[in-house]
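What follows is one structure encoded as structure tokens, with my remarks underneath.
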Amino acid sequence: MRLRNILCCLIFAACVFLSSESLTNCDEVRKVFQLRQIGPVNSLPERPKKGSDLQVCQSRNLTCCTKKMEDRYQVAARRDVQNLLQTSSSSLKFLISRNVAAFQETFESLIRAAENHTNMVLQASYGHLASEASVPVRELFTDVGLFLLGSELNVEDITRRFFDALFPLVYNHLINPGLSHIAPGYAECVRATRRNLAPFGDTPGILANQIGRSGVGGRVLLQALHLGIEVINTTDHLAFSRDCRRALLRMQYCPHCQGLTQSKPCMGYCLNVVRGCLASMAEVDAHWREFVRSLEGLSARMHGTQDLEQVLLGVHTLIHDAVAHAQKNGPHLSAQVHRVCGHPSRQPAQSVSGHQGGARESIPLKAPQKETGDNLATRRIQFLNSLRFYRTFYGGLADQLCVSELASADGLSCWNGADVVKSYTLRVVGNGIKAQTANPEVKVKDGDPVINQIIDKLKHINQLLQGKSIPKFGTLDQIETGSGDGEGRGYSGDCDDEDGCGGSGGGEVKTKIIKVSKHSMIFAAIQFILMELCFWVRWQAASLND
């Protein structure tokens, strides 16, 4: 033990001696200044001088720093920490970004598979009806895809439009077959009778219920992951206070002014400075932990009628049953339509065989097989298993930066903000805003407003993930099915899109959104790039203001 103490004293004395010797010239300071690209070197002093104009790196000894160098060092200190923050979060951001794209791609693949299988079932069972029904089928699944991606459509309107468009086709091909197509005006009248006649039984309400229950989970999942990226971008580009910037300068570059270019801050000193600068970010910790837990809870509930994959790949069965129900009640429906719309005036078709208008013998088709390891549930599990490692990311970030990057190792001489010492002797404070009242290195007054905003967003998305804030949808565990009119009235959409449901979605809105849907993945990528660009521009503007 005595030998160890003697060695430590000798090392400390050597460091002090070398530091005093380095002040005979500023060559080493100039070399590091240029190597780290802190600024132009032509204004650096050749020899140490008094630093009476320095504001932060003040010393009674001679210094190799000027006021301009001090300003440059302050920008460099903040840039270094910003780069460390971005490096630390890069793997987390990549994990979430990659899975946003993967989930969107999986959703689109499921929708395409469900649409194709529905068309195949209709073609196999109902012949010529299928070719005309392919248009409303495509619009149905396009709208479902847009709903999942967050567009302002609601499930009731989606299913209503589909069955409104399907009934005239069923009437023409199955209920009154053998004649040419009915006139457009008459077809519109038939369409209008659909809601009163309920030709498809309870199927429209069941379909709306199933898509709503399963779709809300997928929709909120994507919203949550996009917010996760926004949280990381916000914390990556944290705006440091003036007192924090000066503390970072004092910790990282003031030693250079005294020729101590290889010196690192003491661990306790580093923790005080970085915990003070990241105090607002530490407040994200509790909400981020809850965010990860809430995602796990949502995933656990996404099974059965809330399993989006199972629901989408079963839509063809509901539509087939709906058409069969209408055909079975054909004479009654025909009489009701004639009573409202009158008898259509039509010419016999030129070439219609006796069996084409009726239903073919039903051909059993197997549902699309799920690819092992690549289905939606497997993707969720794999993603959450990886995300779980980052649940404490914000709570330990300051400590991680000091331990792995910034601070000196234990037992070595270190910089305490004024000189090279054996150890840091001041009190080390904890993480978070409240703990900073006793911070001897950084004054922290209030939380960062931008961080507070992102915390509010996390609180809101956590409520959505837990099923506690979904107006008109009940909860993710038990979604109300509405007033029992068979049309899924529970999905009326009288709520904000941010709450996880769509708006009323009129026809004009639908037309505009359908055009966008063909390039949804491209727009999602562009949105992500623009978000990154906006954060970068804001960061650069802050640098110029400094």
**OP:** Measure centre to centre between the rings of H287 and Y394, then say whether the value is under 6.0 Å.
**Re:** no
Original post:
Can you list every pair that meets disulfide bond (SG atoms under 2.5 Å apart) and has a residue in residues 186-241, with sequence neighbours left out?
Top reply: C189-C341
Original post:
Under 3.5 Å, side chain of Q327 to main-chain N/O of L174, donor-acceptor pair present?
Top reply: no
Original post:
For the atom pair CD1 (I232) and NZ (K93), what is the distance rounded to the nearest 0.5 Å?
Top reply: 7.0 Å
**OP:** Identify the heavy atoms of F141 and I111 that sit nearest to each other, and give their distance.
**Re:** O-CG2, 3.4 Å
Original post:
Hey, is the main chain of A102 close enough, under 3.5 Å, to the side chain of N99 for a donor-acceptor pair?
Top reply: no
Subject >> Any residue meeting side-chain contact (heavy atoms from CB on, under 4.5 Å) with L197, in chain and number order, not counting sequence neighbours >> reply: F167, T193, P199, L333, Q336, V337
**OP:** List for me each residue that meets side chain to side chain donor-acceptor pair (under 3.5 Å) alongside S91, sequence neighbours excluded, and say none if there are none.
**Re:** Y390
Original post:
Just checking, any donor-acceptor pair under 3.5 angstrom between side chains of S294 and Q466?
Top reply: yes
**OP:** Please report the shortest heavy-atom distance between A133 and L166, naming the atom on each side.
**Re:** CB-CD1, 4.1 Å
Original post:
Is any side-chain heavy atom of F163 less than 4.5 Å from a side-chain heavy atom of R195?
Top reply: no
Original post:
Do the side chains of F94 and L92 get nearer than 4.5 Å, heavy atoms only?
Top reply: no
**OP:** Please name all residues satisfying ring pair (Phe, Tyr, Trp, His ring centres under 6.0 Å) with F291, sequence neighbours left out, ordered by chain then number.
**Re:** W288
**OP:** Keeping the roles fixed (side chain from S334, backbone from P331), state whether a donor-acceptor pair exists under 3.5 Å.
**Re:** no
**OP:** Determine yes or no for a side-chain-to-main-chain donor-acceptor pair under 3.5 angstrom, with S280 supplying the side chain and D448 the backbone.
**Re:** yes
**OP:** Give a yes or no on whether a salt bridge exists between R161 and E139, defined as a side-chain N under 4.0 angstrom from a carboxylate O.
**Re:** no
Original post:
Which pairs pass salt bridge (Lys or Arg N to Asp or Glu O under 4.0 Å) with one or both residues in residues 388-399, sequence neighbours excluded?
Top reply: R275-D399, E296-R388
**OP:** Kindly indicate whether the side chain of H237, heavy atoms from C-beta on, has any atom under 4.5 Å from the side chain of Q86.
**Re:** yes
Subject >> Rounded distance (nearest 0.5 Å) linking atom OG of S131 with atom CD of Q123 >> reply: 7.0 Å
**OP:** Only pairs at least two apart or in different chains count here, so list each disulfide bond (SG atoms under 2.5 Å apart) that has a residue in residues 277-307.
**Re:** C244-C277
Subject >> Check: E230 main-chain N/O paired with T234 side-chain donor or acceptor under 3.5 Å >> reply: yes
**OP:** Kindly write out the residues that satisfy side chain to side chain donor-acceptor pair (under 3.5 Å) with N462, not counting sequence neighbours, or none if the list is empty.
**Re:** none
Original post:
Considering residues at least two apart in sequence or located in another chain, which fulfil the side-chain contact (heavy atoms from CB on, under 4.5 Å) criterion with L318?
Top reply: T203, I206, L207, Q210
**OP:** Indicate yes or no: at least one non-hydrogen side-chain atom of V274 is less than 4.5 angstrom from one of V81.
**Re:** no
Original post:
Is there a side-chain contact between L221 and S299, using heavy atoms and a 4.5 Å cut-off?
Top reply: no
Original post:
Quick one: does V170's side chain get under 4.5 Å of Y126's, heavy atoms only?
Top reply: no
**OP:** Starting from the C-alpha separation in whole Å, work towards a yes-or-no answer on side chain to side chain donor-acceptor pair (under 3.5 Å) for R289 and T392.
**Re:** CA-CA 7 Å; R289 290 170 184 259; T392 61; 5.1 Å; no
Original post:
Do L129 and N172 have side chains that get closer than 4.5 Å, going by heavy atoms?
Top reply: no
Original post:
Thinking salt bridges, do R191 and D164 make one under a 4.0 Å N-O criterion?
Top reply: no
Original post:
So how far is it from L148 CG to D143 CG, rounded to the nearest 0.5 Å?
Top reply: 11.0 Å
Original post:
What residues form a side-chain contact (heavy atoms from CB on, under 4.5 Å) with K434, not counting sequence neighbours?
Top reply: none
**OP:** Compare every heavy atom of L397 with every heavy atom of S88, then report the nearest pair and how far apart it is.
**Re:** CB-CD1, 3.9 Å
Original post:
So, for I229 and V100, which heavy atoms are closest and what is the spacing to 0.1 Å?
Top reply: CD1-CG2, 4.1 Å
Original post:
Which residues satisfy the salt bridge (Lys or Arg N to Asp or Glu O under 4.0 Å) test with R98, sequence neighbours excluded?
Top reply: none
Original post:
Would you say the side chain of L149 lies within less than 4.5 Å of the side chain of E108, judging by non-hydrogen atoms?
Top reply: yes
Original post:
When the ring planes of H316 and H117 are compared, do they come out parallel, tilted or perpendicular, using 30° and 60° as the limits?
Top reply: perpendicular
Original post:
Given the rule in the side chain to side chain contact (heavy atoms under 4.5 Å, CB included) test, do F107 and L308 qualify, once you have shown the distances and angles that lead to the verdict?
Top reply: CA-CA 9 Å; F107 288 168; L308 182 62; 3.5 Å; yes
Original post:
Among all residues two or more places apart in sequence or in another chain, which pass the ring pair (Phe, Tyr, Trp, His ring centres under 6.0 Å) test with H338?
Top reply: H343
Subject >> CG on D456 to CD1 on I461, rounded to 0.5 Å >> reply: 13.0 Å
**OP:** Measure the CD1-CG distance between I319 and L140 for me, rounded to the nearest 0.5 Å.
**Re:** 5.5 Å
Original post:
How close do L153 and F147 get, heavy atom to heavy atom, and via which atoms?
Top reply: O-CD1, 3.3 Å
Original post:
Between the main-chain N or O of G205 and the side-chain N or O of N209, is there a donor-acceptor pair closer than 3.5 Å?
Top reply: no
Subject >> Shortest non-hydrogen contact from G432 toward A282 >> reply: N-CB, 3.6 Å
Subject >> With sequence neighbours excluded, residues passing side chain to side chain donor-acceptor pair (under 3.5 Å) with S89 >> reply: D236
**OP:** Step by step, work out the side chain to side chain contact (heavy atoms under 4.5 Å, CB included) result for L85 and T235.
**Re:** CA-CA 8 Å; L85 288 175; T235 53; over 6 Å; no
**OP:** Just say parallel, tilted or perpendicular for the rings of H128 and H173, cut-offs at 30° and 60°.
**Re:** perpendicular
